[in-house]
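Right, one structure below, let's go through it.
This structure is a prediction, so every number in the text was calculated from the model and none was measured.
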Amino acid sequence: MKPYTHFTKTLSFSSKFQRSIFTKSQNDSTLPSDIVNVTDEFISIFTIRPFSPNNPELINLAPKLTNKVVETVLNNFKSWRVAHAFFIWASNQSGYKHNIYTYNAMASILSRARQNAPLKVLAQDVVNSRCFMSPGALGFLIRCLGSLGLVEEANMLFDQVKMMGLCVPNSYSYNCLLEAISKSGSTDLVEMRLKEMHDHGWGYDKYTLTPVLQVYCNSGEFEKALSTFNEIYNQGWVDEHVFYILVMSFTKWGEVEKACELIERMEDCNVRLNEKTFCMLIHGFVKESRIDKALQLFDKMKKSGFAPDVSIYDVMIGGLCKTREREKALQLYLEMKESGKKPDVGVLSKLLSSCCDEGELTHLLKESWDEMDAQTVTVLCNSVMSVLVNNGSVDKAYNLLQAMIRGETIPNVGVEMLFNFKGKVFPNTSSFSIVIDNLLQDGKLDLALSLFRDMIQIGCKQNVLLYNNLIYSLCNSNRLEESYELLKEMEQSGFEPTHFTHNSIFGCLCMRQDVLGALNLVRKMRAHGHEPWTKHSTLLIKSLCKNGKVVDACKFLSDMVQEGFLPDTISYSAAMNGLLNNQEVDLALELFHNICASGYCPDVVAYNIMIKGLCKAQRIAESEQLLNEMIMKGLIPSCGRPKAALVHFRTMKQEGMKPDIFVYVALLSAFLSDLNPLLAFEILKEMVDEGNFPDPVDKNYVVVRDVISKLSEDTQTALHETLSVWIDVPGFKKHIFSVWIDVPGLKKHILLVSE
DNA sequence: GTAGGGTTAG
């Protein structure tokens with residue numbers, strides 16, 4: 001293949017695309033010897049520095065410039081800068097004019113070097129110099145532009161050369177253009193060019209429809225993507241790349257089932273999955289917690305002759321550790337080692353973090369002890385501390401950290417071998433975070449604070465999260481002054497407080513009913529663009545009202561409006577309720593009407609509050625009027641219809657949404673008070689199965705705990721044990737609850753165990 | 001890596 005003709009050859013697209021435009025020309029052994037001499041001289045002059053246009057040798061050589069010489073010389077430079085300098089120099093020589101092959105040679109070099117600016121200029125030069133080109137050469141240049149994302153330039157070039165009669169684009173040129181546009185995600189433009197192509201009488205082929213599929217996938221136009229795929233499929237044009245595009249999109253959209261169906265279809269038409277597709281799918285499935293599917297694919301991948309690399313092992317092992325399938329994770333770990341792949345620190349720390357006991361920890365550490373550097377040991381120490389902390393041994397983790405700080409050995413942790421490592425193991429920020437965060441959760445605030453001070457001592461970098469967590473805990477302990485000090489220190493150290501930092505303090509001020517302090521902070525928050533959380537404002541209003549300070553509560557609400565933070569219906573409801581409880585019925589009504597006039601739509605709860613208050617004040621007529629108003633507005637008296645809620649809940653899950661703990665707890669309590677323990681149990685089981693369980697500090701924890709004990713006492717859910725399912729709920733440390741349930745056809749026994 | 005707030009019995 002001659003270097004100056006290879007552009008006209010039809011290039012194959014898709015996976016071969018990168019290779020084909022970036023492949024360097026063949027060597028010049030096929031060129032006549034005089035040309036070889038000239039090119040060699042140019043190359044040596046331009047690579048010898050400093051380059052000077054006045055170089056007499058160069059001036060002598062200039063008349064020998066031809067397009068063939070320039071193209072060959074360009075493809076022999078190692079640096080795009082030198083190539084560009086030569087290209088520009090050549091452009092300025094009298095008697096010489098670039099042709100499309102020299103332009104394209106330069107374009108290819110610039111595109112490979114990702115040099116957008118000079119490539120843009122080059123594309124414009126091609127047009128300005130009225131350079132003729134074949135449809136293939138146009139396609140080549142378009143693809144260079146497309147690979148740098150210069151879609152607008154590609155479109156402009158295409159139209160200009162067509163209009164000026166420099167080229168009559170054919171279907172290949174159109175395919176190149178479609179490929180370039182598809183990267184931008186502009187479906188409109190793709191559809192427009194497709195129509196244009198059709199109007200010119202050009203037919204479609206695989207390389208036309210592949211970018212069309214790509215653009216629909218990129219822009220999430222599911223239906224259109226599918227119909228394009230079907231067209232490709234029906235024409236028998238499906239290849240690995242087409243499947244790759246669609247499978248990747250399904251995976252990205254979380255449609256793992258559809259991706260699986262597609263794989264089966266793919267196998268039916270004898271198209272193999274390529275390595276890239278395998279890797280991507282495995283990542284996608286693990287991300288969606290579909291370890292079963294990921295494992296299947298992993299096996300298939302190996303059977304297809306692809307050797308998984310460390311990153312695939314890493315993601316598989318990580319996924320298995322997450323779903324607590326330690327046996328399988330360890331199996332893969334061994335397989336990995338046997339196949340000669342060295343488990344890296346990522347794999348090791350995932351395995352370590354999922355260890356259940358310290359014996360296992362030590363075993364794993366011993367196995368992988370050789371050739372570890374200091375940083376690796378620190379990361380592993382951190383994993384060990386995570387295990388200790390998750391097992392409830394914060395004290396041991398604390399001791400380990402202290403030993404790291406002092407460079408000592410501590411025999412009682414069971415991981416003393418860590419300290420037989422070549423000397424000191426330095427703790428990093430994450431070492432401190434693991435221990436400090438857990439001390440805070442355990443209420444050991446002062447110990448956490450002293451560790452935080454140690455961090456400064458040994459010069460370990462602090463971070464926003466640590467500051468936030470400490471400030472949050474101080475605020476929760478009503479240690480407001482210290483939290484202000486920490487905030488000051490945080491700002492002085494160059495850390496920008498987040499809305500969480502400010503809201504922690506705002507919460508504390510609200511808890512203290514410090515209205516002035518709260519308003520002052522709100523002003524500061526406004527300057528930072530931080531929104532105060534309504535739960536705090538509402539709490540303040542409630543407590544003020546409870547103490548008879550209804551006027552202050554209303555003043556606070558209007559001050560918040562002044563500061564630009566409009567309270568929501570919930571805060572207003574709290575205030576109305578407070579006014580009513582303090583016999584300020586008229587003020588409550590006034591507030592109610594005011595907020596309606598300001599465009600708020602009071603909800604059922606707000607109406608309930610007012611209706612109840614008016615009834616209590618013997619103002620029955622007004623109360624009935626409000627009730628009618630409420631029904632007129634279509635508001636149904638309250639959300640005791642858990643079965644209707646369950647329908648929404650099911651839809652929600654089908655749509656792929658993950659209900660959070662509040663939704664579960666709402667359903668649980670509703671079914672229980674609706675005397676439907678069977679459904680309550682079903683929801684409980686689902687909740688636990690999905691790893692959703694409230695933290696002991698969460699107020700939902702108490703609700704769930706009560707639900708469980710009620711279920712265990714209920715006669716409908718009495719003991720009929722045929723099948724035992726053990727669910728170990730993390731955080732369920734101090735209580736033992738047993739639940740037995742007899743669901744027709746599904747007999748289960750759940751035992752929530754303590755540690 | 002931070003929403004979860006307001007009513008309702010006795």
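Where A:T538 and A:W533 each meet DNA chain B at their nearest nucleotide, the meeting point lying more 5' is that of A:W533. Both A:I609 and A:H499 sit near DNA chain B, but only A:H499 has its closest nucleotide nearer the 5' end.
At whole-Å resolution of the value, NZ in A:K616 and C1' in B:dT7 are 10 Å apart. In this structure, CD1 of A:I570 is placed 10 Å from P of B:dT7, rounded to the nearest angstrom. Taking atom OH on A:Y472 and atom P on B:dA3, their separation rounds to 10 Å, with Å as the unit. Look at CD1 on A:I541: it is 10 Å from C1' on B:dG5, rounded to the nearest Å. Regarding A:Y607, its OH atom lies at a distance of 18 Å from the P atom of B:dT8, rounded to whole Å. To the nearest angstrom, P of B:dG1 lies 15 Å from CD1 of A:I434. Atom pair A:I471:CD1 and B:dT2:P shows a separation of 16 Å (rounding to whole Å applied). A:Q441 has its CD atom 16 Å from the P atom of B:dT2, to the nearest Å.
Contact annotation: A:K612 side-chain N/O to B:dT8 OP1/OP2 distance is under 4.0 Å. Taking 4.0 angstrom as the limit, A:N608 places none of its side-chain polar atoms (N or O) nearer than this to OP1 or OP2 of B:dT8.
In this structure, the separation between CZ on A:F506 and SG on A:C475 is 12.0 Å, given to the nearest 0.5 Å. Distance CG/A:L672 to CG/A:L679: 11.0 Å, rounded to 0.5 Å.
Contact annotation for A:A575: no contact, since no heavy-atom pair falls under 4.0 Å across all strands. If you check every strand for non-hydrogen atoms under 4.0 Å, A:L465 touches a base. Residue-level contact check: A:D603 touches the bases, meaning some heavy atom is under 4.0 Å from a base atom.
Comparing B:dT2, B:dG6, B:dG1 by their nearest atom to the side chain of A:F500 picks out B:dT2. For A:A574, taking side-chain heavy atoms from C-beta onward, the closest of the listed nucleotides B:dT8, B:dG6, B:dG1 is B:dG6.
Side-chain atoms of A:S571 and A:D568 form a donor-acceptor pair, as typed in the model, at a separation below 3.5 Å.
You won't find any donor-acceptor pair under 3.5 Å spanning the side chain of A:N468 and the base of B:dG1, going by distance alone. In the interface, the side chain of A:T534 is paired with the base of B:dG5 through a donor and an acceptor atom under 3.5 Å apart. With hydrogens and angles ignored, a donor-acceptor pair under 3.5 angstrom links the side chain of A:N469 to the base of B:dG1.
Using cut-offs of 30° and 60° on the angle between ring planes, the pair A:F452 and A:Y467 is perpendicular.
A salt bridge does not link A:D395 to A:K444: none of the charged nitrogens lies less than 4.0 Å from a carboxylate oxygen.
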